[in-house]
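In what follows, chains are A, B, ... by sequence order, proteins preceding strands, each numbered from 1.
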2 protein chains.
Amino acid sequence: METRELRYFVAVAEELHFGRAARRLGIAQPPLSRAVQQLERRLGATLLERTSRGVALTDAGAVLLREGRAALDAVAAAERRTRRAAAPAGSPGLVLVTKAGASTELLAKLLDAYAAEPGAVDVDVVLCGIGEQERHLRDGRADVALLHRPFDSTTGLDTEELHTEDQVALLPAGHPMTARPHLRVDDLAAIPGLPMPRRRRDDGSYPDGPGPEVHDNTQLLQLVALGRATAILPESVRTHLHDDMVAVPVIDAPSVTTVIAWPPHSRSLPLAQLIRTATRL
Amino acid sequence: METRELRYFVAVAEELHFGRAARRLGIAQPPLSRAVQQLERRLGATLLERTSRGVALTDAGAVLLREGRAALDAVAAAERRTRRAAAPAGSPGLVLVTKAGASTELLAKLLDAYAAEPGAVDVDVVLCGIGEQERHLRDGRADVALLHRPFDSTTGLDTEELHTEDQVALLPAGHPMTARPHLRVDDLAAIPGLPMPRRRRDDGSYPDGPGPEVHDNTQLLQLVALGRATAILPESVRTHLHDDMVAVPVIDAPSVTTVIAWPPHSRSLPLAQLIRTATRL
DNA sequence: AGCCGCGATACCCGCCGGGTATCGACGGCG
DNA sequence: CGCCGTCGATACCCGGCGGGTATCGCGGCT
């Protein structure tokens with residue numbers, strides 16, 4: 001199976017429309033139809049159910065969509081990492097990816113400590129959207145990530161725990177509940193007029209519910225400060241708070257563990273040293 | 001990057017010889033040279049150092065060899081799993097791989113328990129050489145494996161622990177040490193005339209040392225029974241012993257954990273049910 | 001009935017992957 | 001020291017395949 005065929009099939013499977021997929025791929029529709037047919041013949045499997053009004057995935061097609069994405073990521077990773085390995089000295093030796101607006105202190109400490117090590121290489125820091133870090137590791141855009149359990153999935157990655165912290169509720173200053181020594185999750189759900197914002201999911205959609213839609217932490221903090229929302233966040237957000245917000249411990253929220261994660265078959269000395277530095281912090 | 005190019009490069013990188021690689025690939029040597037040159041041009045990287053007497057890998061080439069193998073495995077997995085998903089009912093629903101000659105009781109119990117579950121599918125059992133299981137999972141030849149820590153690597157796999165056991169030393173019946181209630185690893189290393197056999201490594205070579213070379217457990221047991229060797233093995237081997245051998249606990253050997261492992265992104269109901277059954281044993 | 005949207009088919013062209021023949025560089029050996 | 005053997009690169013040719021345009025066939029909607 002060639003990567004071209006896989007790319008073509010994945011495009012059709014995602015669009016569920018040969019015409020749109022062809023446009024996305026920058027080719028005409030007939031060759032795309034033909035390529036997918038040929039793939040189906042070679043696999044001996046029907047991947048798509050065609051009706052004259054559109055396309056639907058078969059079970060086998062769903063399997064190939066999932067596995068094919070993983071395979072294309074692996075190919076992309078091979079390509080990117082080879083390019084990086086061949087790049088002249090001075091380019092980034094390691095790329096670290098983490099969520100935008102999280103772990104800033106831990107990250108700063110880690111980068112400082114690592115830079116002080118003998119033989120340290122340049123580290124590029126990439127900030128990306130929630131849930132995108134694992135993808136960056138799998139397709140070679142990054143070598144190592146800072147993830148936050150239980151929010152981020154770490155399946156298929158090697159990890160070391162760095163830090164665990166409890167979560168706090170963020171309330172507008174002056175709210176009656178700020179007087180309480182601690183809260184429970186149910187207390188917050190019951191506050192009238194202070195809904196929990198809905199974060200954008202990986203696929204771009206938002207969960208149902210009453211709260212406002214947000215997609216980054218800055219927006220969220222602003223909404224809390226304005227008295228329009230509340231939120232449960234790791235206690236390290238306290239360092240970002242001014243006196244317009246108050247943090248109250250939430251005793252029954254799951255605690256958050258920051259982990260350093262990397263693709264399992266990585267074998268680079270700088271990466272090993274960065275991980276060692278991280279675990280010693 | 002096309003899988004064809006990757007396959008070609010991997011063949012050359014493994015053979016370190018264009019002619020042999022071409023023969024292995026079933027093509028002539030000139031197109032192979034050209035394909036690798038084209039790959040190098042596209043990547044903007046020198047992958048191989050050519051001398052008129054042969055070929056050596058550059059750093060970038062070593063990266064692409066490792067990453068490329070992983071990518072080709074992922075492509076092969078996509079292909080195999082799709083074929084399986086499309087195969088008519090009656091073909092194996094799950095393929096389980098484990099070391100030849102290990103975990104037989106646990107495996108039998110697991111298969112029995114799973115077969116009794118409602119909705120269970122057929123399970124094919126594949127026995128393979130030591131260290132080959134991970135590869136079977138990664139390239140789609142198997143869906144799930146029984147592994148033994150700390151011997152098998154589980155990096156990049158999801159696992160659940162099933163069973164932990166201590167290790168025992170296997171001695172020929174009548175040996176003076178069989179009178180001892182327990183032993184230490186150092187005691188065994190010091191026995192004259194009873195060396196530890198050398199097991200074949202993944203690459204087919206054997207470690208240096210005095211012991212005989214073996215590559216499976218049957219051979220090993222035979223050598224012990226003949227009074228030509230000793231070995232440290234999980235205590236479950238006791239069930240295979242006749243009265244020609246004696247097992248003595250080794251108190252400082254690492255204990256062995258049997259785990260069930262699967263590729264991290266698997267999403268099949270039968271697999272989930274098998275894993276659930278396994279953890280409940 | 002007629003039109004429209006969508007995927008499949010028919011047919012053509014140019015490029016690229018594969019083949020054979022040969023070259024050029026290097027090392028070994030008589 | 002010159003000859004030869006080995007090995008990768010180059011030159012050149014051919015056929016097939018990937019990609020393009022034009023068109024068909026089917027189904028749903030109005």
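The stretch residues 145-156 of chain A participates, sequence neighbours left out, in these salt bridge (charged side-chain N to carboxylate O under 4.0 Å, His left out) pairs: A:K99-A:D152, A:R149-A:E161. Residue pairs meeting the salt bridge (charged side-chain N to carboxylate O under 4.0 Å, His left out) criterion with at least one member in residues 259-269 of chain B, sequence neighbours excluded, do not occur. Screening residues 62-75 of chain A for side chain to side chain donor-acceptor pair (under 3.5 Å) gives A:E14-A:R69, A:E67-B:R81, A:D73-A:R135, A:D73-A:R138 as the qualifying pairs, with residues at least two apart or on separate chains.
In the region residues 55-69 of chain A, proximity to DNA chain C at under 4.0 angstrom, judged on heavy atoms, holds for A:V55. Near-neighbour residues of DNA chain D inside residues 11-30 of chain B, defined by a heavy atom below 4.0 Å, number-ordered: B:H17, B:F18, B:G19, B:Q29, B:P30.
Within the 3.5 Å criterion, the main-chain N or O of A:L48 finds a donor-acceptor partner in the side chain of A:E40. Counting only distance, with no hydrogens or angles, the side chain of B:Y114 and the backbone of B:V121 share a donor-acceptor pair below 3.5 Å. A donor-acceptor contact shorter than 3.5 Å is absent between the side chain of A:D139 and the backbone of A:A77. Distance alone, capped at 3.5 Å, is enough to place a donor-acceptor pair between the A:T58 side chain and the A:T46 backbone.
Rounding to whole angstrom units, CD of residue A:E2 and P of D:dG19 are separated by 12 Å. The separation between A:L48 atom CG and C:dC6 atom P is 16 Å, rounded to whole Å. The nearest whole Å value for the distance from the CZ atom in B:R41 to the P atom in C:dG17 is 10 Å. The distance between atom CD of B:E49 and atom P of D:dC7, rounded to the nearest whole Å, is 19 Å. In this entry the distance linking CG of B:L32 with P of D:dG8 reads 9 Å, nearest Å. Summarising the geometry, the separation between CD on A:E5 and C1' on D:dG18 is reported as 11 Å, rounded to the nearest angstrom.
For the pair B:S33 and D:dG8, the criterion of a side-chain N or O lying under 4.0 Å from OP1 or OP2 is not met. At least one side-chain nitrogen or oxygen of B:R50 sits closer than 4.0 Å to the OP1 or OP2 atom of D:dA9. Look at A:Q37 and you won't find any side-chain N or O under 4.0 angstrom from OP1 or OP2 of C:dG7. Note on A:Q38: a side-chain N or O is less than 4.0 Å away from OP1 or OP2 of D:dG18.
B:S33 and B:Q37 share no donor-acceptor pair across their side chains, judged by distance under 3.5 Å alone.
The neighbour count for A:D59 CG, taken as heavy atoms of other residues, nucleotides or ligands under 6.0 Å away, does not exceed 12.
Residues passing the salt bridge (charged side-chain N to carboxylate O under 4.0 Å, His left out) test with A:R42, sequence neighbours excluded: A:E5. Listed by chain and residue number, B:E2 satisfy the salt bridge (charged side-chain N to carboxylate O under 4.0 Å, His left out) test with A:R7 (two or more places apart in sequence, or in another chain). Taking A:T155 as the reference, A:E134, A:S153, B:D158, B:P264 meet the side-chain contact (heavy atoms from CB on, under 4.5 Å) condition, with sequence neighbours excluded. Residues meeting the salt bridge (charged side-chain N to carboxylate O under 4.0 Å, His left out) test with B:E15, sequence neighbours left out: B:R20, B:R24. Checked against side-chain hydrogen bond (donor to acceptor under 3.5 Å, both in side chains), A:T277 has no partners two or more places apart in sequence or in another chain.
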For nucleotides 11-15 of chain C, print each protein N/O atom paired with a nucleotide N/O atom at under 3.5 Å, atom names and distance only.
none

If you restrict it to nitrogen or oxygen atoms, what contacts under 3.5 Å exist between nucleotides 26-28 of chain C and the protein, and what is each distance?
{"from": "C:dC26", "atom 1": "O4'", "to": "B:S52", "atom 2": "OG", "distance (Å)": "2.9"}

